[in-house]
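What follows is a set of notes on a single structure, which appears directly below.
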Protein chains: 4
Amino acid sequence: MSKIQKNKKEKESSLYAAAYDLFTTKGIHNTAISDIVKKAGVAKGTFYLYFKDKYDVLDKIILDKSTEILSLAINKTNLKQFLSFEEKLFYFINCIIEYLKENKLLLKLIYKNLSWGVIKKACKDYKEINEIFYMFEEGFKDLDREEVEKILFMIIEITGSVCYSCIVLNEPTDIDEMKPILFETIKKII
Amino acid sequence: MSKIQKNKKEKESSLYAAAYDLFTTKGIHNTAISDIVKKAGVAKGTFYLYFKDKYDVLDKIILDKSTEILSLAINKTNLKQFLSFEEKLFYFINCIIEYLKENKLLLKLIYKNLSWGVIKKACKDYKEINEIFYMFEEGFKDLDREEVEKILFMIIEITGSVCYSCIVLNEPTDIDEMKPILFETIKKII
Amino acid sequence: MSKIQKNKKEKESSLYAAAYDLFTTKGIHNTAISDIVKKAGVAKGTFYLYFKDKYDVLDKIILDKSTEILSLAINKTNLKQFLSFEEKLFYFINCIIEYLKENKLLLKLIYKNLSWGVIKKACKDYKEINEIFYMFEEGFKDLDREEVEKILFMIIEITGSVCYSCIVLNEPTDIDEMKPILFETIKKII
Amino acid sequence: MSKIQKNKKEKESSLYAAAYDLFTTKGIHNTAISDIVKKAGVAKGTFYLYFKDKYDVLDKIILDKSTEILSLAINKTNLKQFLSFEEKLFYFINCIIEYLKENKLLLKLIYKNLSWGVIKKACKDYKEINEIFYMFEEGFKDLDREEVEKILFMIIEITGSVCYSCIVLNEPTDIDEMKPILFETIKKII
DNA sequence: AATGAATGAGCTTTCATTCAT
DNA sequence: CATGAATGAAAGCTCATTCAT
């Protein structure tokens, strides 16, 4: 990579990082592009060389971070051996929950903007994420892909919404108290 | 009610209605207070006699509409006789789903802003909503209030997030195709 | 005075008092008529029955309070016996200074809006104030009215501006440290 | 200076000039920022690139113009030779008075907002102004700095307030009629 | 490619004033 | 006389976007 190309990547990264920082701490609504460029240490016009607008960076952040979470969880899971699919799935889900517990601000940012569509896009673009599907297909050998997808969707949805409510809002209680019933529910789903 | 009082209520209602209309069709972000007052046919200053800002109306709308949905569903449910708690619950949940299917824009508006906290507030303020708790307590006679609340939370969360994804985004499929697995999940939860 | 007339006077006084309170604490610029009527406990429209606008009340306050200060000082002075005009004048000036020291907020309010014209108006309308002129004419028997007025003007101006600077702004020092040189100056003027 | 830097200075100056013009002719209260930018021929946003708000420009104007007046007077004074400190001081004060006579609107604008603090700031920032202090220290060789400052303060205060009253309000008479007694007073002070 | 001064549309909010009750 | 809801002009201020350098 040439020096110029490297410089470009650096500008983009610093804009991205600044936007992430501001979105999570001040909120999307309260973050102006002038805030982002100031934090990134670049000129205003430079922003428009790399992003269309505020929501363009946001979309990239959401896709990126969602991918990262799932990727971390699946990688960690694949390092271990499990006696059953259930055990493996629980470990995987727990990785996600623990990550979100540590990254409350990130959870707050992405959840309201995360959709099944984003996850499917992540699956298409990143091989590792697709391994989640393999894991599920292995667990439900007698079901067709569509059914498996629905089950995965249900589990992700319920995990996501419970995490958001418990971790971000502390409602109806904290996540550790909710975990037993969440896992029991997932157990019943599969 | 005096003529003035009636007039006041009318102004407030027309502002509320205009805001609801614009929020659902154009989105919150794209709706300016000047749009709201124009649509409501009142002066700009009048808005500030009744609401603090845009988000003040929004909060009122969310609380109101959430209450309305739950209220409608529980009232409809209470008109019928059921053989079992499960049957009753399914009917109740189905009422909500069918309502949301018919009011896609409303769902889009409130879901991302709805929280368990709002629902609990609705329960406190409106007797009818509290009947949902009675229904659940009757269904789970051997559990304490806290446990019952967690189950109710799980069911509402999963119903809400599935509805949002399927009805608003059509992901991963439409709500009718998702219903069987949703109900099966709920059945397993209880 | 009839009950109705009494009621009217009460409304006016409460508006006046509220305005005075707000002007001194929040400043004229930051006080709206709606603040005044709220504090006075009357309706907005009522304000316009008694005053033209914000500055109308202000003018009344300035005239009133200026008169009050001068009136208090001259009355207090007239209760005593003095060996010389100088002694009498110093006592009189000191009364004003001590009063302003105790009413810093009032000083802040009126000084910037006080003028020689206001004082002359006060003299015309209130007999007591005119006694200040008598005092001076007695002190300068060989000068004509015009010359006496100039001297009085000089003394009032210098006292007022020194008080404002020292009491309100504490510049260049506090009033007690400035008093010696102020009195010395006045002594030299007469 | 680059073209851009020159352009920037020009914008700022035109805003400053427009504000000065409007403040003196229409008053601060009656001048809106939109008036200033219209007169300056720049966009509204440009105003906020250079000033925080209306009062920010005002502060700059007051500091600037006060400095200018004092600077002009001291420079003019330093060009001449005098037989005594008194003569020198009278010449200096007279320069100020004559300037204010010619700039009635400026006097009206700054006097009510001028304070000893502003003058001291001007002294710190501009070497020339400090020469006023040198002049005084030379005149009062036997007094310490603090005492000299008090005397200077008294003279400036009395000159300022007499000028304001006589030039702006024509009370109690015009400045030329007041001059003899003013100078006599100053003479007695020193 | 990068800059950042300049723009001006458009937002929120205030508030003096009116007038039907 | 008194009220206070309603008005709407006009204020302050923001900020995405452009474009000459």
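The shown structure was predicted, so the numbers you read here are calculated from the model rather than taken from an experiment. First the proteins, then the strands, lettered A, B, ... as listed; each starts at 1.
Looking only at side-chain heavy atoms (C-beta outward), D:Lys65 and D:Glu68 come within less than 4.5 Å of each other. Side-chain contact between B:Leu106 and B:Tyr20: present, with at least one pair of heavy atoms (C-beta onward) separated by less than 4.5 Å.
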**OP:** Sugar-phosphate atoms are those with a prime plus P, OP1 and OP2; base atoms are the rest. Using that split, label each nucleotide of nucleotides 2-9 of chain F B, S or - for protein heavy atoms under 4.0 Å, 5' to 3'.
**Re:** SBBSBBB-

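Of the listed residues (B:Thr25, B:Asn103, B:Ile61), just one forms a side chain to side chain contact (heavy atoms under 4.5 Å, CB included) with B:Leu109, and that residue is B:Ile61.
Per the geometry, NZ belonging to C:Lys38 stands 12 Å off C1' belonging to E:dT14, to the nearest Å. Summarising the geometry, the separation between OH on B:Tyr48 and P on E:dC11 is reported as 11 Å, rounded to the nearest angstrom. Atom pair D:Lys6:NZ and E:dG4:P shows a separation of 21 Å (rounding to whole Å applied). We find that CZ of B:Phe51 is positioned 14 Å from P of E:dT13, with the value rounded to whole Å. In this structure, NE2 of D:His29 is placed 11 Å from C1' of F:dA11, rounded to the nearest angstrom. Between the NZ atom of C:Lys52 and the P atom of E:dT18 there is a distance of 11 Å, rounded to whole Å. In this structure, the CD1 atom of A:Ile33 is 16 Å from the C1' atom of E:dT3, given to the nearest Å. Summarising the geometry, the separation between NZ on D:Lys3 and C1' on F:dT21 is reported as 9 Å, rounded to the nearest angstrom.
Between B:Lys54 and C:Lys54, the one whose closest nucleotide on DNA chain E sits nearer the 5' end is B:Lys54.
Residue pairs meeting the salt bridge (charged side-chain N to carboxylate O under 4.0 Å, His left out) criterion with at least one member in residues 22-31 of chain A, sequence neighbours excluded: A:Lys26-A:Asp35.
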Original post:
Which string of ( ) [ ] | and . matches DNA chain F, if you list each base 5' to 3' and count Watson-Crick or G-U pairs only when both distances are under 3.5 Å?
Top reply: .||||||||||||||||||||

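For B:Lys121, the NZ atom counts as loosely surrounded, since its 6.0 Å shell holds 12 or fewer non-hydrogen atoms of other residues, nucleotides or ligands. Heavy atoms from other residues, nucleotides or ligands lying under 6.0 Å from NZ of D:Lys120 number 12 at most.
Under the side chain to side chain donor-acceptor pair (under 3.5 Å) criterion, A:Thr46 pairs with no residue at all, not counting sequence neighbours. Looking at residues two or more places apart in sequence or on another chain, you find a side chain to side chain donor-acceptor pair (under 3.5 Å) between C:Tyr16 and C:Asp64. For A:Glu12, the salt bridge (charged side-chain N to carboxylate O under 4.0 Å, His left out) partners at least two apart in sequence or on another chain are A:Lys9.
Using a 4.0 Å heavy-atom criterion, one finds that D:Phe47 contacts no nucleic acid atom at all.
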